[in-house]
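Here is the structure we will look at, set down as structure tokens.
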Amino acid sequence: MKIVDAQIDLHGKLFLDTMVLPANCVVVISEGKAKVRELPEHGEYKIVTYQGKVKRMRKEEGEEF
């Protein structure tokens, strides 16, 4: 799994280098922070919130039999 840091400047602009992003990914922004996570090939990516804020990002992978 590839983790890419996202940069937010003082003016609130988000900068991502699209050349290093995974082919399939999600960008989550909460409270002035941004995170990029690669999506699993087979599975789910759950974003858990608490009181309107992102609390946890959880990847659940699966494989068909």
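The structure displayed is predicted, hence computed values, not measured ones. Note that the numbering runs from 1 along the sequence shown for the chain.
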CZ on Arg58 to CD on Glu60, rounded to 0.5 Å = 6.0 Å

Qualifying residues under salt bridge (charged side-chain N to carboxylate O under 4.0 Å, His left out), relative to Arg56, sequence neighbours excluded | none

Nearest non-hydrogen partners of Ile8 and Gly32, listed with the distance | CD1-O, 3.2 Å

Nearest-0.5 Å distance that lies between atom CD1 in Ile29 and atom NZ in Lys35 = 13.0 Å

Go through the structure and list residues passing side chain to side chain donor-acceptor pair (under 3.5 Å) with Glu44, not counting sequence neighbours.
-> none

CD/Glu38 to CG/Asn24 distance, rounded to the nearest 0.5 angstrom?
-> 8.0 Å

Pairs in or reaching into residues 18-31: which pass salt bridge (Lys or Arg N to Asp or Glu O under 4.0 Å), with residues at least two apart or in two chains?
-> Glu31-Lys53

